Chemist: 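The following block contains the structure, expressed as structure tokens.
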2 protein chains.
Amino acid sequence: MGRRSDHGREELESLILDNGRQVMAESGYARFSAREVAKRIGYSVGTVMHVFGNVDRLVMEINARTFRLWSEWLEERLGGAEGRARIIVLVQGYFDFAQTHRNLWSAIYEHRVPEGMEMPETLAAERMRLTGVIAREVATVLPATEAANAAELTSSLIATVHGHCAFMLGGTFALLGVARPADLAAARVIETLHARGALIDA
Amino acid sequence: MGRRSDHGREELESLILDNGRQVMAESGYARFSAREVAKRIGYSVGTVMHVFGNVDRLVMEINARTFRLWSEWLEERLGGAEGRARIIVLVQGYFDFAQTHRNLWSAIYEHRVPEGMEMPETLAAERMRLTGVIAREVATVLPATEAANAAELTSSLIATVHGHCAFMLGGTFALLGVARPADLAAARVIETLHARGALIDA
DNA sequence: TTTTATATTGCACAGCGTTCAATTCACCTG
DNA sequence: CAGGTGAATTGAACGCTGTGCAATATAAAA
């Protein structure tokens, strides 16, 4: 039983979030349970509910953390890469992250925000941060004439890669006999960038 | 209380499937319930479980039906369209179906087949049927030199459109300020087909 | 020390999927 | 037609789930 002297409010929040992330990573969204999180931190269910209001908000905060982790993962991988290689790193990094953190990644897309409940600011912010990393790289590669379309094009390219990644982890590609999903996605991205006059080699 | 004289085994199966589809359409995967289906058909939960073994199999059978509905939806829409228009119809039809049958469409991708449980034959078959419709149209448009890659390219194009559609219904595009997701997806598809030397006008 | 505010609990509730002994029923046999 | 048989169907039990809330425990203030 947790005493209030053990952890301050913020401390308790991140304690729940840390263990919540762990439960999500182990069990996946379908088997995620606030009760299990409570058990692990040695507090009762009521406390978890009191801190986050409801399970959906807890899941969304976990997802926000996943987005941050993901952004950092991509930035790290970009490291010293240059030119076309940076784009490939982004695509491959997208796939690698999803595969390495399968359950965390899936939870982002398996969770539906209930009607009438608004998305927490943190989730929107972290999502935009990830998009920002990619948008920056896309803008670098595009010619000046395409600058106005860069944001929209970035969204479209992310959607393209996302679709391939979702089909890989969801088993659709396995069913269709597709061997190297990441290469396919990369090919589509390069194609589009070329079509827009991007300054990268073939 | 259902008497066995009321419905034969097959009759009962499709009764469950019909009402199951309805519950799924109304409530979505997250709130789908075998008990609710049982209530609607006037049988007990045990009967539903007896016919389908477990809820996952029932969901997969419902999803198989959704795939069939989807294939027919696309074939109808292809109607008298010709050339490039057929490709646009496929892309737009993908989006329209998903939007019109939001919960049924989402259920396909929200449901994860539990480990150790194999996919029923019907689901795999209906999924391939849908892919077949699209593969046929892609093959028609591609030059003979690309025939060998047609199947893989088809899978990639479906993934591309799927990614855009998922982002639309999941709210990602709204967050990013993307206005016309279907047009974006269509642009990507046309780009790729052009890059492969497809015989369609710009 | 007593009061006050609130963090925390633990139970109740309604729902879920799954299991299974008991029951009901349709049909076959004599 | 009567009795037996096997399968269909039930309904309760079990262990989960998220949520709400009155009661309690506790730290801080008076």
Side-chain angles (χ1 to χ4, degrees), chain A residues 1-17 19-20 23-24 26-63 103 107 110-117 120, chain B residues 1-17 19-20 23-24 26-63 103 107 110-117 120:
Chain A
M1 164 171 162
R3 317 263 149 193
R4 81 184 66 178
S5 56
D6 289 348
H7 311 96
R9 165 79 181 211
E10 292 171 16
E11 211 174 350
L12 187 54
E13 262 185 42
S14 69
L15 187 64
I16 293 173
L17 238 43
N19 287 74
V23 172
M24 187 66 86
E26 290 172 15
S27 312
Y29 175 70
R31 300 197 202 289
F32 180 82
S33 148
R35 284 184 131 101
E36 173 63 22
V37 176
K39 198 176 296 176
R40 296 202 187 189
I41 66 174
Y43 280 77
S44 74
V45 205
T47 299
V48 173
M49 298 307 291
H50 183 252
V51 172
F52 284 93
N54 55 54
V55 149
D56 289 288
R57 261 194 266 279
L58 173 54
V59 170
M60 288 191 284
E61 291 298 341
I62 291 172
N63 287 344
N103 284 337
E110 285 172 16
H111 180 252
R112 273 216 241 173
V113 184
E115 299 203 55
M117 171 176 289
Chain B
M1 164 173 160
R3 317 262 149 194
R4 79 185 66 179
S5 55
D6 290 348
H7 313 95
R9 164 80 182 210
E10 291 173 16
E11 212 176 349
L12 186 54
E13 261 186 42
S14 68
L15 187 64
I16 293 173
L17 238 42
N19 286 74
V23 171
M24 187 66 86
E26 290 171 16
S27 313
Y29 175 69
R31 300 196 202 291
F32 179 82
S33 148
R35 284 183 131 101
E36 174 62 24
V37 176
K39 198 176 298 176
R40 296 203 186 187
I41 65 175
Y43 279 76
S44 73
V45 204
T47 301
V48 173
M49 301 306 294
H50 183 252
V51 172
F52 283 93
N54 55 52
V55 148
D56 290 289
R57 261 194 269 278
L58 172 54
V59 170
M60 289 191 284
E61 291 298 341
I62 290 171
N63 287 344
N103 284 337
E110 285 172 16
H111 180 253
R112 272 217 241 171
V113 183
E115 301 202 54
M117 171 176 290

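Per chain, numbering begins at 1; letters A, B, ... match sequence-line order. Quantities reported herein were computed from a predicted structural model and do not represent experimental measurements.
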Chemist: Give the rounded distance in Å between these two atoms: NZ of Lys39(B) and P of dG17(C).
Modeler: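 So the two atoms are 11 Å apart, to the nearest Å.
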
Chemist: Taking ring pair (Phe, Tyr, Trp, His ring centres under 6.0 Å) as the definition, give me every residue that meets it alongside Tyr29(A), ordered by chain and number, with sequence neighbours left out.
Modeler: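 Testing Tyr29(A) for ring pair (Phe, Tyr, Trp, His ring centres under 6.0 Å), a comparison that skips the adjacent residues, returns His111(A).
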
Chemist: Grab the CZ-C1' distance between Arg31(A) and dG15(D) for me, whole Å please.
Modeler: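 To the nearest whole Å, that distance equals 14 Å.
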
Chemist: May I have all residue pairs that pass salt bridge (Lys or Arg N to Asp or Glu O under 4.0 Å) and include part of residues 30-39 of chain B, sequence neighbours excluded?
Modeler: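 Listed once each, the pairs are Glu36(B)-Arg40(B).
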
Chemist: Name the pairs: protein N/O against N/O of nucleotides 18-22 of chain D, kept only if under 3.5 Å.
Modeler:
residue: dG18(D); atom: OP1; partner: Ala34(A); partner atom: N; Å: 2.9
residue: dG18(D); atom: N7; partner: Arg35(A); partner atom: NH1; Å: 2.3
residue: dG18(D); atom: O6; partner: Arg35(A); partner atom: NH1; Å: 3.2
residue: dT19(D); atom: OP2; partner: Val55(A); partner atom: N; Å: 2.8

Chemist: For Leu15(B) and dA8(D), what is the distance between atoms CG and P respectively, to the nearest whole Å?
Modeler: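 Computing the Leu15(B):CG to dA8(D):P distance gives 16 Å.
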
Chemist: In whole Å, I'd like the distance from the CZ atom of Arg9(B) to the P atom of dA26(C).
Modeler: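 Taking atom P of dA26(C) as the reference, CZ of Arg9(B) is at 18 Å.
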
Chemist: Choose from dA7(C), dT9(C), dA8(D) the nucleotide whose nearest atom is closest to any side-chain atom of His50(A).
Modeler: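 So the nucleotide nearest the side chain must be dA7(C).
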
Chemist: Could you list the residues that satisfy side chain to side chain contact (heavy atoms under 4.5 Å, CB included) with Ala34(A), not counting sequence neighbours?
Modeler: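 Side chain to side chain contact (heavy atoms under 4.5 Å, CB included) check on Ala34(A) returns Val48(A), Val55(A).
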
Chemist: Looking at CG of Asn103(A) and CZ of Phe32(A), how far apart are the two atoms once the value is rounded to the nearest 0.5 Å?
Modeler: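 With rounding to 0.5 Å, CG (Asn103(A)) is 11.5 Å from CZ (Phe32(A)).
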
Chemist: When the distance from CG of Leu12(A) to C1' of dT9(C) is rounded to whole Å, what number comes out?
Modeler: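 Whole-Å distance recorded here is 13 Å.
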
Chemist: Answer yes or no: does a side-chain N or O of Ser44(A) lie under 4.0 Å from OP1 or OP2 of dT9(C)?
Modeler: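 Affirmative; the distance criterion is met.
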
Chemist: In whole Å, what is the span from the NE2 atom of His111(B) to the C1' atom of dG17(C)?
Modeler: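 Roughly 12 Å, once rounded to whole Å.
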
Chemist: Just the rounded figure in Å: distance from P of dT19(C) to CZ of Phe52(B).
Modeler: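 Going from CZ in Phe52(B) over to P in dT19(C) covers 17 Å.
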
Chemist: Under the salt bridge (Lys or Arg N to Asp or Glu O under 4.0 Å) rule, collect the residues that match up with Glu110(B), sequence neighbours excluded.
Modeler: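 So Glu110(B) forms a salt bridge (Lys or Arg N to Asp or Glu O under 4.0 Å) with Arg112(A).
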
Chemist: Measuring from atom CD1 of Ile16(A) to atom CD1 of Ile41(A), what distance do you get when rounded to the nearest 0.5 angstrom?
Modeler: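 Separation between the atoms: 4.5 Å.
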
Chemist: Nearest whole Å is fine: how far is dG17(C) P from Leu58(B) CG?
Modeler: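 After rounding, the reported distance stands at 9 Å.
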
